[in-house]
Amino acid sequence: MGLGVVGIAAAGAALAAAWRSEIAPVPPPAPASFDPALVRRGADLALIGDCRTCHTAPNGAAFAGGLPLPTPFGTLYSTNITPDPETGIGRWSQAAFARALRDGVDREGRHLYPAFPYDHYSATTDDDVRALYAFFMSRPAVSAPPPPNELPFPLTIRLTLAGWKLLFLRPKNLAPDPAKDEVWHRGRYLVEGLGHCGACHSPRNLLGAEITSRAYQGGEAEGWRAYALGAASRSPVPWDEAALMQYLRDGFHPLHGVARGPMAPVVENLAEVPREEVAAMARYLASLGAGPRGEAAATPSLVPASAPGQAPQAAGAQAAIPAAGTDLYAAACTACHEGGRPPPFGGISLALSTAISDESPRNLVNLILEGLPVRGGTAQPIMPGFGAVLTDAQVASLAADLRRRFGGGLPWPDLDSAIREARAARRLAARPAAAMTR
Amino acid sequence: MTSMILNGERRAVRAAAETPLLYVLREEFGLNAAKFGCGLGQCGACTVVIDGEAVFSCITPVMLAENRQVTTLEGLGTAEAPGPLQRAFIDAQAAQCGYCIPGMMMRAHALLARDPDASDAAIRAELEPHLCRCGTHMRILRAIRLAADAMRPRSTAEAGR
Ligand code: FES
Ligand code: FES
């Protein structure tokens, strides 16, 4: 990484020409000056772009910024994008807003850090920029200066970002594909653009840029794996358009499980946008293919082993379990995961779990430790966490056992370090549930 | 055979290793403070403390208590000599039907042991996994605050020694 930093610095220094000029401030436009229909469209687009998710601190005012974003390079804080003239974007013209969104340069001419996914937002059309501008400029203005970023030198020099952009910022190639229909094209535009799915689901290089040649082969976000999508998917059951639609809308699917970690706010946002938009995204995502594992596997039965009614509740379940010695899976997991009830009232069969078939154990470890905490006000499957009672050795043996039984892959070499990291992250968050809700 | 340290005493468990701890506590040891609410780790009525951490005993196979310190509400005091947390719940009259109370108290006990100065916000957040059908939440919060205040001078004095 040291070399990389030097590389960025050198590229940045060579790029004095990358200096961007200020765009003159404007008097804040009156919220009523925007067409309500345009504002509504902007609201939908902002949900698809997950703007609120990053630009709102826990328990903070919507869009007022201040959420810490841990990156491998340091901690960034999201900015205030309410129309407050002093601390927000109140004095930004539409041209300034468009430049920030698509080029990652703020009104004053400073380069923005790519935690703001302008590499995706660059695809946003002029019409959609207009709608987004109308939406943000008609939000309540909140005075809230964002906390200063915690970055090491030379990343504090924003001009280094010009070098980064020169190396990695490429316009999205969204040329029409005559073989595909309009819905697919809409979906591609949303997924590749505002939806910025690849920001988490694609691996990144040492300088934090998405590796475009390995798009959607799986990445990570905030201590969670963002699974590979499409052809590289390791889902035991192939995803199809209908399943994607249901998952993105409801936040879970009986054959695939529950969206949690940083995916949880994404599905919460998508639950609020017009159905057709999500349907278009599902069509495009389905066209990325089904994983090798998925194609080979037959769909396992939804209702495994025990007969319905035999083990409806955890505390009543020991009757259904044969003498199992110190079999943790049998003792702690089967009551729900082999209880014969599909989600949301029962757990999925673990043979369907991508957390177990994935190349990284991190999500499985997170789930064992934290479960699926309740998320305020949504009707969603929940699972109690076992982090308070299991020792690290027990978590490791349970995870290894699940991998052996259901994973269909080699043992995870990095299981112990995944457990250490997950424990450390859990300690940092005073309460995991609170930390994951925003 | 599982063996655990239950409210300070080493106890051998006859029940099978995968039996939920809740059943062992209630049926084998007659400790009826922890309640069966949902059996799914969703209500908190069965909460006990294992090695300082609040856990749902209904979903905890007793094998996981092997050689560990298990504390139930009975371990915090008696009717005649209630502990500070129990005293505070009586003073605040925090129980309505009382079904949720032992679980609430055990999680509060673990929290105050870890953080005697827990803020009101921290207490609220900590108790989030617990349901109370009777709606005595405000009194429960008041009781925990009372208990924290009552316990603090002593814990500060102990820390000073
Ligand atoms: S009975 Fe254990 S959580 Fe409800
Ligand atoms: S006092 Fe009745 S459930 Fe809480």
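Lettering follows sequence order; numbering is per chain, from 1.
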**Request:** For side chain to side chain contact (heavy atoms under 4.5 Å, CB included), just list the numbers for A:Met383 and B:Ile59, CA-CA rounded to whole Å, side-chain angles, deciding distance to a tenth of an Å, and then say yes or no.
**Result:** CA-CA 11 Å; A:Met383 168 186 150; B:Ile59 52 155; over 6 Å; no
**Greater than 12 external heavy atoms within 6.0 Å of B:Arg68's CZ** = yes
**Item:** Side-chain heavy atoms of B:Glu18 within contact of A:Leu328, under 4.5 Å
**Value:** no
**Message:** For a 4.5 angstrom cut-off between non-hydrogen side-chain atoms, does B:Leu64 reach A:Gln394?
**Reply:** yes
**Asked** Do other residues, nucleotides or ligands put more than 12 heavy atoms under 6.0 Å from the CZ atom of B:Arg14?
**Response** no
**Item:** Nearest-0.5 Å distance, CE of residue B:Met63 to CG of residue A:Asp327
**Value:** 7.0 Å
**Prompt:** Considering heavy atoms only, which positions within residues 42-56 of chain B lie below 4.5 Å of chain A?
**Reply:** B:Gln42, B:Ile50, B:Glu53, B:Ala54, B:Val55, B:Phe56
**Fill in**
Correct closest heavy-atom pair for B:Gly41 and A:Pro384 would be O-CB, 3.8 Å
**Prompt:** Does anything in residues 82-97 of chain B pair up under side-chain hydrogen bond (donor to acceptor under 3.5 Å, both in side chains), and if so which pairs, sequence neighbours excluded?
**Reply:** B:Arg87-B:Asp91
**Request:** Can you establish whether the number of heavy atoms outside A:Arg405 located under 6.0 Å from its atom CZ is more than 12?
**Result:** yes
**Message:** Measuring only between side-chain heavy atoms, which start at C-beta, is B:Leu40 closer than 4.5 Å to A:Cys336?
**Reply:** yes
